[in-house]
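Within every chain, numbering begins at 1; the chains are lettered A, B, ... in the order of the sequence lines, protein sequences first and strands thereafter.
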Amino acid sequence: MVSYILRRLLQVIPVFLGTTLLVYYMVFALPGDPIAALFGDRQPPQAVIDALREQYHLNEPFWVQYGLFLKNLFTFNLGVDFTQQPIAATLGRVFPVTAMLAIEALIIQAVFGVLFGVFAGLRKGKLFDSTVLVVSLVVIAVPTFVLGFVFQLVFGVHLAWAKPTVGANAGWTDLILPAVVLGLVSFAYVLRLTRASVIENMNADYVRTATAKGLSRPRVVLTHILRNSMIPVVTYLGANLGGLMGGAIVTEGIFNVPGVGNKLYQAVLRGEGPTVVAIVSVLVLVFVLANLLVDLLYAWLDPRIRYDH
Amino acid sequence: MTTNPNHFVAPVEETPLLATDSKITDQAPLSLWAEAWKKLRRRPLFIISAVMILILTVIALFPGLFTNVAPNENCQLANSLGAPEPGHPFGFTYQGCDVYARVIYGTQASLAVGFLSVICVLIIGVTLGAIAGYYGGWLDAVLARLGDIFFALPLILGALVLTQLPMFRENKSVWTVVLVISLLAWPQMARITRGAVIEVRNADFVTAARSLGVSKFGALLRHVLPNALAPVIVLATLELGVFIVAEATLSFLGIGLPPSIMSWGNDISGAQAAIRTNVAILLYPAAALSITVLSFIMLGDAVRDALDPKSRQR
Amino acid sequence: MTSDIRIEESGSHQAKPLLEIRDLAITFKTGSGEVKAVKNAHLTIMPGETVAIVGESGSGKSTTALAAIGLLPTNGRVSGGQILLDGEDIANASEKRMIELRGNTIGMVPQDPMSNLNPVWKIGYQVKETLRANGKPNGPDDVAKVLAQAGLPDAHRRAKQYPHEFSGGMRQRALIAIGLSCQPRLLIADEPTSALDVTVQRQILDHLDTMTTELGTSVLLITHDLGLAAERADKVVVMYQGNVVEAGPSLELLRNPQHPYTQRLVASAPSLASRRIQVAKEQGIETDELLAPADAKTVAASDELLKIEDLTKVFKLRSGFGRSTDFTAVDNVSFSVKRGTTTAIVGESGSGKSTVAQMVLNLLTPTSGRIVFDGVDTSSLGRKELFKFRRRVQPIFQDPYGSLDPMYNIFRTIEEPLRTHNVGNAASREKKVRELLDQVALPQSMMQRFPNELSGGQRQRVAIARALALDPEVIICDEAVSALDVLVQAQVLNLLAELQSNLGLTYLFITHDLAVVRQIADHVCVMEKGKLVETGATDDVFESPQMDYTKALLNAIPGASLMLPPEVA
């Protein structure tokens with residue numbers, strides 16, 4: 001296990017370097033003055049331009065620029081935004097909100113998705129299963145931002161079960177509605193994946209053998225079907241964290257949640273390229289680290305992974 | 001027949017001997033594709049989604065057949081957010097344009113982005129995935145790392161950065177959106193292809209072909225790829241839906257198609273301001289988008305069931 | 001009714017039967033309606049007795065056994081008859097009752113050791129949960145004791161390992177440990193060793209015998225191998241097409257088969273008689289007559305077509321962090337193959353026999369040593385010569401499902417070598433394909449069919465036709481009949497023998513099955529762990545093996561002593 005963790009840690013480094021390099025290269029190594037280009041036709045205050053030049057060391061060779069960019073990233077020296085606020089401080093303020101939102105969404109998709117998926121799989125072909133399958137198809141087909149508006153309108157405005165927009169000082173209850181919107185599409189995917197996985201495992205030889213050993217049905221389901229069925233689900237949840245981040249931009253925008261996604265969305269709307277790049281780099285870092293965690297969970301679930309060399 | 005009372009022999013007339021090793025089929029010969037097609041044809045899920053996609057494609061190609069109203073002309077601010085009236089069944093947008101006509105004309109952009117992106121992703125992903133999986137070695141290692149790097153950049157986040165670039169910001173079009181999506185989405189296709197190719201490349205029929213004198217590359221083209229296509233086709237169908245959503249999301253965020261191109265994402269974005277006064281102008285393009293995506297997801301589901309190797313008879 | 005007679009038979013004696021299956025019918029619901037998989041199965045197992053059900057795939061033997069432990073697949077059900085356990089009918093017993101019985105009254109040892117242990121739980125846990133579910137003490141010492149009894153050394157440590165850290169034989173031992181852990185009165189063993197090498201198979205069956213004898217357990221053994229059944233069981237039940245066609249004491253049934261199916265099965269069971277003798281017997285030719293021309297042929301064509309000299313193959317195994325260790329798969333192997341003869345390379349998994357085949361086919365490059373084909377070192381061949389070489393040496397592989405491209409119809413499959421080598425035009429190629437189909441005794445109407453529409457034996461015939469398309473001189477058969485049912489295997493071996501005498505082919509036969517070797521080979525090379533341990537004329541090697549390993553292999557053939565037909569013995 002230890003050697004597996006070490007190996008995975010070593011693998012993360014080139015991925016992270018590569019991804020940040022990719023982001024950085026796209027923005028800063030193209031011909032022309034990147035600062036001017038990033039702002040397009042908008043003219044930011046001279047002070048901001050000066051600060052950016054300082055931040056990104058544009059007079060240095062590319063590799064030095066990139067190295068300093070990485071150093072800045074790891075020391076959370078992310079520069080200033082349009083209004084000369086340090087981006088790092090803003091992120092520090094908004095990050096907990098997004099983390100709370102993401103955790104709520106993860107709980108919705110993981111817990112409920114797995115629960116519904118297991119029940120549907122165990123009752124394959126029954127009414128519950130077919131209903132859940134049809135509903136999940138429809139949920140998958142409705143894009144997050146459409147779902148956001150519909151839920152905002154129905155649950156926020158008409159039924160008034162929740163605040164249609166969240167605003168500052170959001171508590172975890174305020175975030176339930178956006179979290180549902182954010183987690184719903186993945187919930188449907190998790191449900192379908194769990195269901196398929198449970199159905200496949202129910203027919204596995206070792207499940208039949210477990211039954212032949214005299215184990216009761218609940219024990220067979222718990223120890224032999226459930227754990228094995230979780231392996232592909234965990235992989236999906238890890239890969240889907242990126243989708244969750246993309247969804248957070250949309251959801252936080254619609255519900256006016258003061259989180260990272262919203263800040264990013266605002267920066268996009270205002271055409272603040274450097275801020276966008278800084279926030280995306282941080283998010284990529286989070287994504288890569290989160291996937292590392294998922295991989296460890298995966299290895300815990302499936303001992304064959306650890307052994308593999 | 002036998003003297004030992006413990007020796008039982010079934011009457012031969014009740015248990016006649018059949019010819020050893022015969023498998024008699026009276027049906028016409030059936031290739032795997034034909035078999036999959038036969039299975040598909042009977043599935044309601046497939047029929048419904050195929051019909052819907054057919055209709056959508058016709059709408060995209062000939063929008064004029066479905067509405068007489070030119071979507072961008074005759075927009076009168078007097079009609080802003082107007083209720084439905086004869087000839088304008090869905091009402092009017094904020095700018096006073098006909099919602100129905102815009103929904104009809106918006107089909108083209110969504111489907112174009114979807115299909116073109118999938119084609120690009122197929123070209124890049126299948127080529128790289130097949131080469132990596134088939135030849136292995138350092139090429140595979142390099143491509144795998146490259147894939148990991150792109151994989152670590154989520155689609156929407158990557159698109160946010162890419163679209164900040166002058167070259168994308170200044171000439172937004174269907175093609176820039178296709179390019180952004182393809183650049184960020186090919187790794188998954190490459191992974192799936194690679195996995196499928198690896199599964200097939202060591203099959204005995206490939207070795208047999210090689211020892212017949214078929215060249216290594218020839219075996220890849222003639223034997224490995226055709227047998228690795230099933231998961232690729234399933235993913236491509238599902239991704240059609242995913243990319244259409246991606247385009248709409250990007251347009252909604254204001255970094256996708258330019259406002260000059262009619263698209264559902266743009267219309268939903270535009271309807272945002274009026275959501276509390278006239279929700280219909282948001283719901284119609286949203287419904288069109290959802291139905292389109294649903295059709296492709298359903299198609300992907302049906303195709304997966306039909307091509308699933310586990311359900312194939314051996 | 002047959003069952004009535006049987007009750008009297010067993011009931012008239014002192015002991016009552018432990019398990020009695022009467023007129024059992026099992027139905028499966030499929031896409032195209034209901035299918036009867038088992039029609040009228042009946043058998044009786046007395047306490048302490050071992051009964052074997054023998055049949056080929058699809059005969060209903062496993063289905064019958066699964067019904068006895070209530071584990072039919074969800075689309076299957078018992079549609080008639082009774083399964084009496086100690087007089088209690090459990091054919092349609094409640095799930096609750098079945099859970100009570102499973103484990104401590106009826107145990108099971110499943111077929112495939114690779115897929116029957118849950119990969120995510122430690123072996124010890126999988127034993128422990130069995131003990132716990134059946135109310136037995138289940139501490140670490142109890143678990144270790146169960147594993148140790150099944151012959152797993154170092155049981156305490158082994159209990160803490162996962163299935164993937166076990167070899168196939170060890171996994172099967174663990175499964176036997178689990179099946180017997182609660183001392184069931186009846187053990188259902190479904191092909192318990194068919195996935196294992198013969199020597200391991202023998203050890204495990206011996207151990208199973210010892211354990212069940214000690215515990216007084218009755219065993220219901222399911223197998224496709226008549227020899228194995230006769231050797232291990234007191235009674236044999238033969239199933240065919242869902243029916244029990246014959247049942248009786250093992251030796252009696254083997255020596256005096258009554259039902260035509262059993263007769264056929266006994267005749268084509270891979271015995272130790274030479275295939276040529278068997279072909280002759282079927283055609284009514286006297287043994288002596290046949291042996292003479294065979295000898296003459298060998299003498300006449302004695303030039304060495306293929307010569308292998310000091311062949312060695314070393315693989316680099318990556319062991320993480322850029323390190324690698326060397327693994328010698330083939331170690332300094334030399335032998336030669338004379339034109340028109342059959343040479344078999346025999347060995348267990350990991351012996352390197354298939355690697356030799358791959359190198360002879362020029363699909364792998366040897367690390368050192370030479371392969372000389374018709375006087376030319378094959379490693380020195382240029383592109384064009386290699387292309388020509390391919391025409392002369394052709395392979396046939398083990399898995400008839402895997403060796404045909406599922407996307408190609410039969411015509412395209414057989415035509416591919418002709419087209420690749422630009423032989424003739426479209427019309428002449430079609431004519432050739434028709435001829436080839438005739439040669440392998442397949443109807444020409446099959447040309448437009450696809451592999452998935454053919455049976456295993458038919459596919460293997462197609463593979464043979466493809467190999468013959470370019471009129472090769474040497475055919476490398478890599479386990480070419482191992483995946484086939486016994487009767488089909490016999491047919492294909494006959495075909496190969498026939499083709500050899502008609503076309504003067506040279507065979508290099510790679511196999512793990514010594515019985516097959518005896519039937520078809522003139523010369524045999526025995527390989528163990530990459531090394532050639534013994535080589536010689538087949539009869540010499542079989543009659544007086546020199547090396548311990550060869551002796552062990554020969555002893556491990558199930559039912560070897562029983563199966564020897566009297567006239568040859």
So does F119(A) have more than 12 non-hydrogen atoms from other groups sitting under 6.0 Å from CZ?
no
Identify which part of Q126(C) has an atom lying under 4.5 Å from any heavy atom of chain A, answering side chain, backbone, both or neither.
both
At a heavy-atom separation under 4.5 Å, does L101(C) approach chain A through its side chain, its backbone, both, or neither?
neither
Heavy-atom neighbours of K145(C) NZ exceed 12 at 6.0 Å:
no
Chain C contact via A204(A) - side chain, backbone, both or neither, heavy atoms under 4.5 Å
neither
M108(C) versus R208(A): any side-chain heavy-atom pair under 4.5 Å?
yes
As an exercise, state the distance from NZ of K213(A) to CG of N104(C), rounded to the nearest 0.5 Å.
14.0 Å
Under 4.5 Å, heavy atom to heavy atom, which residues of residues 115-123 of chain C contact chain A?
S115(C), N116(C), L117(C), N118(C), P119(C), V120(C), W121(C)
Side-chain atoms of residues 229-237 of chain A: list all donor-acceptor pairs with protein atoms under 3.5 Å, sequence neighbours left out, distances to 0.1 Å.
from: S229(A); atom 1: OG; to: N201(A); atom 2: ND2; distance (Å): 3.1
from: S229(A); atom 1: OG; to: I225(A); atom 2: O; distance (Å): 2.6
from: T235(A); atom 1: OG1; to: I231(A); atom 2: O; distance (Å): 2.9

Nearest 0.5 Å please: distance from the OG1 atom of T211(A) over to the CD atom of E95(C).
7.5 Å
Shortest non-hydrogen contact from I99(C) to S216(A)?
CD1-CA, 3.9 Å
Toward chain A, the part of I188(C) with a non-hydrogen atom under 4.5 Å
neither
Check whether any side-chain heavy atom of K96(C) lies under 4.5 Å from a side-chain heavy atom of R217(A), and answer yes or no.
no
Determine the minimum heavy-atom distance between A133(C) and L215(A), stating which atoms define it.
CB-CD1, 3.7 Å
Side chain to side chain contact (heavy atoms under 4.5 Å, CB included) between E129(C) and H224(A), intermediate numbers included
CA-CA 11 Å; E129(C) 65 172 1; H224(A) 291 283; 2.6 Å; yes
Toward chain C, the part of R219(A) with a non-hydrogen atom under 4.5 Å
side chain
Around atom CZ of F112(A), are there more than 12 heavy atoms from other residues, nucleotides or ligands closer than 6.0 Å?
no
Look at the side chain of D205(A) and the backbone N and O of P113(C), then say whether any donor-acceptor pair between them is shorter than 3.5 Å.
no
Between P73(C), G103(C), S181(C), which residue shows the highest count of heavy-atom pairs closer than 4.5 Å to chain A?
G103(C)
